[in-house]
There are 2 protein chains.
Amino acid sequence: MDLDDTLIALADDTRRTILGRLAAGEARVTEVAAPFGISLNSVSKHIRLLERAGLVRRRIAGRDHFLSLEPKPFDELTQWMAKTRDFWSSRLNALEAALRAEDAIKAAAKSSKRTVKRKRK
Amino acid sequence: MDLDDTLIALADDTRRTILGRLAAGEARVTEVAAPFGISLNSVSKHIRLLERAGLVRRRIAGRDHFLSLEPKPFDELTQWMAKTRDFWSSRLNALEAALRAEDAIKAAAKSSKRTVKRKRK
DNA sequence: GACATATTCATCCTTTTGGGTGAATATAGG
DNA sequence: CCTATATTCACCCAAAAGGATGAATATGTC
């Protein structure tokens, strides 16, 4: 599934921070790696994962690799979430309505019993 | 981070399917597991992960464990994504604007040169 | 050509994940 | 009490993730 790659890519704080940095504009791998207390190599791996998810594009210029943010997969995920949320809401609302209806029936049954009792009295 | 748990929980098709099932209403572990070609045990583990993310609640009645969907973390994630997307957009738009301005300056410089040349002629 | 810089590759290590199986636990029902 | 059912627990396994280090590669600079 395509969503998997996007979700996996976002499910890590380091990677989310990298994306935030790239939102401010292109940056080289070393620049991106600088703020983190981890090895350049680890950051390189995170970047590869982000590329796999299509969230980051790489432009190679000489020995420098310039990275930039590609928000499309993010937007696609957002759409999927909106759709899913709507679906869930409708189902959950239907459930609630069903429960309310059930309660109403029970209440009606109770009150009619009460009425009957009163009538008997 | 709290987002991590939610994102990790959603980053698996089996788990997303489980959540979809629970959107239709409460279900026991065995019922939830039925459609999958994997062991009950694996599904049990997926459910634990979903509980860890707060996306699923468990109501124990005798030997049956009834599971239900808890959409709050999902909604929180949606909010985070909307916020993040807005942030990115603003930054990316600023970038674009900056590039356009740069181009405009270059173009202006070029045309002024041309004008000078023409004047020289 | 020699040296420095930017980045990745090849390994290694530990933890987590997603799957499996068999045993344990708890409850329901004769 | 005995048996069946619902679930989890305790392991085992292979793959991936996140980290590290040291070597390799490619490019810029003198």
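Only this structure's heavy atoms are used, side chains among them; waters, hydrogens and symmetry mates stay out. Each chain gets a letter, A, B and so on, in the order its sequence line appears, and its residues count up from 1.
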- [ ] Please collect all salt bridge (Lys or Arg N to Asp or Glu O under 4.0 Å) contacts where either partner lies in residues 85-95 of chain A, sequence neighbours excluded, each pair once.
- [x] A/Arg85-B/Asp75

TODO: Kindly compute the distance separating OG1 (A/Thr84) from CZ (B/Arg16), expressed to the nearest 0.5 Å.
DONE: 8.5 Å

Task: Nearest-0.5 Å distance, NE2 of residue A/His65 to CZ of residue A/Arg28 - done: 11.0 Å

Is the shortest side-chain N/O distance from [X] to OP1 or OP2 of [N] below 4.0 Å?
| X | N | result |
| --- | --- | --- |
| B/Arg15 | C/dG18 | yes |
| B/Arg52 | C/dT17 | yes |
| A/His65 | C/dT8 | yes |

Could you work out which one of [options] sits closest to the side chain of [X]?
| X | options | answer |
| --- | --- | --- |
| A/Val29 | C/dT8, D/dG18, D/dT21 | C/dT8 |
| A/Arg58 | D/dA20, C/dG18, C/dT8 | C/dT8 |
| B/His46 | D/dA6, C/dG18, D/dG19 | C/dG18 |
| B/Ser42 | C/dC9, C/dG19, C/dT17 | C/dG19 |

Open item on the list: I want to confirm an ordering. Mapping A/Glu51 and A/Arg63 to their closest nucleotides on DNA chain C, which one lands closer to the 5' end?
Closed with: A/Arg63

[X] [atom1] to [N] [atom2], straight-line distance once rounded to whole Å:
| X | N | atom1 | atom2 | value |
| --- | --- | --- | --- | --- |
| A/Arg16 | D/dG18 | CZ | C1' | 15 Å |
| A/Ile60 | D/dT27 | CD1 | P | 9 Å |
| B/Arg28 | C/dT27 | CZ | C1' | 13 Å |
| B/Leu7 | C/dT16 | CG | C1' | 17 Å |
| B/Leu50 | C/dG18 | CG | P | 10 Å |
| A/Asp13 | D/dA17 | CG | P | 18 Å |
| A/Leu49 | D/dG19 | CG | C1' | 14 Å |
| A/Asp12 | D/dA16 | CG | P | 18 Å |

Open item on the list: Both B/Glu31 and A/Ile8 contact DNA chain D. Taking the nearest nucleotide for each, which residue is further toward the 5' end?
Closed with: B/Glu31

TODO: For A/Lys45 and for A/Ala61, locate the closest nucleotide of DNA chain D by heavy-atom distance; then report the residue assigned to the nucleotide nearer the 5' terminus.
DONE: A/Lys45

- [ ] Using a 4.0 Å heavy-atom cut-off across all strands, classify B/Leu40 as base, sugar-phosphate, or nothing.
- [x] base

Open item on the list: Taking B/Ile18 as the starting point, is it possible to reach B/Phe74 by hopping between hydrophobic residues whose side chains are less than 4.5 Å apart?
Closed with: yes

Open item on the list: Quiz question: going by heavy-atom distance under 3.5 Å, is there a donor-acceptor pair between the base of C/dG22 and the side chain of B/Asn41?
Closed with: yes

Task: Matching residue for B/Arg57 among B/Glu26, B/Glu51, B/Glu70 - test: side chain to side chain donor-acceptor pair (under 3.5 Å) - done: B/Glu70

